[in-house]
Amino acid sequence: MEMEVDLDNAAEMGRLDASGMLTVMEWFPQQVREALEIGGREVSLPRADGLHSVVVLGMGGSGISGDVTAALVSGCLRMPVASVKGYALPAYVGPDTLVFAVSYSGNTEETLECLDEAVERGARVVAVSSGGRLAGLADELDIPLFQVPPGLQPRASLGYLSVPIVCALERMGLVAGLVEKVRGAAEILDERADEYAMTSPLDDNPTKRLAKDLLGYLPVVYGSEGAPAVAAKRWKTQFNENAKIPAFDNWFPELNHNETVGWQNLADVCSRCYLVVLRAQGEHERVSRRIEITAGLISDDVGHITQVCARGANEVERLFDLVYFGDMTSVYLALALGQDPTPVTRIETLKKRLAGESA
Ligand code: F6R
């Protein structure tokens with residue numbers, strides 16, 4: 001399949017990307033630094049004594065901040081972190097639960113409904129939003145709020161939506177040393193920015209190259225257990241929302257107990273799939289072996305298989321590196337397909353229809 005837009009032609013890309021998604025994505029390292037500043041702002045956080053769980057409420061581009069947080073703190077937070085994406089608040093949420101309500105717009109009904117319930121049950125709540133009803137409620141109910149800048153797409157705000165949560169957990173004494181790691185990761189991301197930038201030519205730019213290779217294929221993104229699995233979920237949703245194509249994710253070792261079998265039929269569909277395996281240093285040695293064996297088992301069934309290995313000295317750098325790589329790839333893929341990456345008309349139509357308006 002031919003590229004609709006030349007990924008080395010900044011003017012052509014700029015015409016299609018009228019709202020500047022590429023620039024916002026490219027600017028991720030700077031967003032992470034600003035998010036650290038937001039996370040350090042004077043906000044009176046709940047007390048930490050006696051907490052037994054953390055819950056992050058949020059949907060879509062806001063909800064992924066819960067998965068990112070859970071991955072980042074998994075090595076040091078001594079209580080479970082759950083990402084709640086829906087209307088149902090788990091029964092264990094109560095006065096000993098720290099609840100982060102995350103909605104970029106502040107108007108997402110699932111998040112607001114769970115927040116109501118969390119408040120009713122006496123949970124200790126913190127909000128992250130750019131405005132909307134969530135910011136209004138925070139004001140009304142005296143809920144601490146990390147206010148993030150408005151005017152972006154939620155999915156282009158992952159730094160703003162996740163880093164303040166990490167800052168809050170650290171300020172409350174629940175984790176240690178992560179804020180410094182996030183600061184260090186922003187420096188590493190600066191180096192990646194040069195490599196992934198729109199001014200970096202296709203031959204030297206791995207994100208443009210992967211986007212070009214993915215043209216005409218359905219991406220299936222596998223991650224090894226932990227941070228790469230969360231990155232795989234992010235890649236999937238970014239392919240959906242930016243490039244407007246179906247995409248699927250799964251993770252090792254779980255997929256070895258089901259999906260590995262699922263490539264044996266529908267040869268015409270399987271051959272149109274492009275498998276990207278996300279990996280990171282420190283993955284379990286048996287997972288490494290599983291990836292090798294799985295590739296051997298399914299290589300004749302899928303169209304292509306490639307691997308992207310996270311670079312970075314720790315879990316924060318590696319997760320952000322994979323996220324950044326996928327974000328940039330998804331925007332280049334959108335442009336190569338002739339799609340404006342920004343609009344998500346169907347999400348908006350759906351929300352309007354739910355609200356009872358004609359869309
Ligand atoms: C749009 C996007 C969506 C929204 C989701 C929830 O860019 O990423 O997935 O994040 O519809 O809306 P918010 O984030 O405003 O709560």
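Position 1 is the first residue of the sequence, and the numbers go up from there. Just so you know, ligand 1 is whichever comes first in the structure, and atom 1 is the first atom listed for that ligand. These values consider heavy atoms only, across backbone and side chains, with no hydrogens, waters or symmetry-generated copies.
- Within ligand 1, counting atoms from 1 as listed, the ones closer than 4.0 Å to a heavy atom of G60 are 9 (O), 10 (O).
- Here the protein heavy atom with the shortest distance to atom 11 (O) of ligand 1 is K351 NZ, 2.8 Å.
- At a threshold of 4.0 Å, the pair E283-R289 does not count as salt-bridged, since none of the basic side-chain nitrogens sits closer than that to a carboxylate oxygen.
- A side-chain contact (heavy atoms from CB on, under 4.5 Å) with V276 is found for exactly one of Y222, W235, Y217, namely W235.
- Looking only at protein heavy atoms, the nearest one to atom 15 (O) of ligand 1 is S105 OG, 2.6 Å.
- In terms of protein heavy atoms, atom 12 (O) of ligand 1 is closest to T108 OG1, 3.0 Å.
- Close approach of ligand 1 to G61 is summarised as follows: ligand atoms under 4.0 Å from at least one heavy atom of the residue are 3 (C), 4 (C), 8 (O), 9 (O), 10 (O).
- The M59 neighbourhood of ligand 1 comprises atoms 5 (C), 6 (C), 10 (O), with distances under 4.0 Å to a heavy atom of that residue.
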* To do: Please step through ring-ring contact (aromatic ring centres under 6.0 Å, His included) for the pair F320 and F28, ending with a clear verdict.
  => CA-CA 9 Å; F320 281 0; F28 182 54; 5.7 Å; yes
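- The neighbour count for R41 CZ, taken as heavy atoms of other residues, nucleotides or ligands under 6.0 Å away, is above 12.
- Annotation: D204, atom CG; neighbour count of heavy atoms from other residues, nucleotides and ligands within 6.0 Å is above 12.
- Scanning the protein heavy atoms around atom 8 (O) of ligand 1, the nearest turns out to be E241 OE1, 3.0 Å.
- Taking every non-hydrogen atom of S62 and a distance limit under 4.0 Å, the qualifying atoms of ligand 1 come out as 10 (O), 13 (P), 14 (O), 16 (O).
- Residues L174 and V102 fall within the same hydrophobic cluster, defined by Ile, Leu, Val, Met, Phe, Trp and Tyr side chains chained together at heavy-atom separations under 4.5 Å.
- Annotation for ligand 1: atoms under 4.0 Å from non-hydrogen atoms of S103 are 13 (P), 15 (O), 16 (O).
- The side-chain tip of K212 does not point at the ring of Y332 from less than 6.0 angstrom away and within 45° of straight on.
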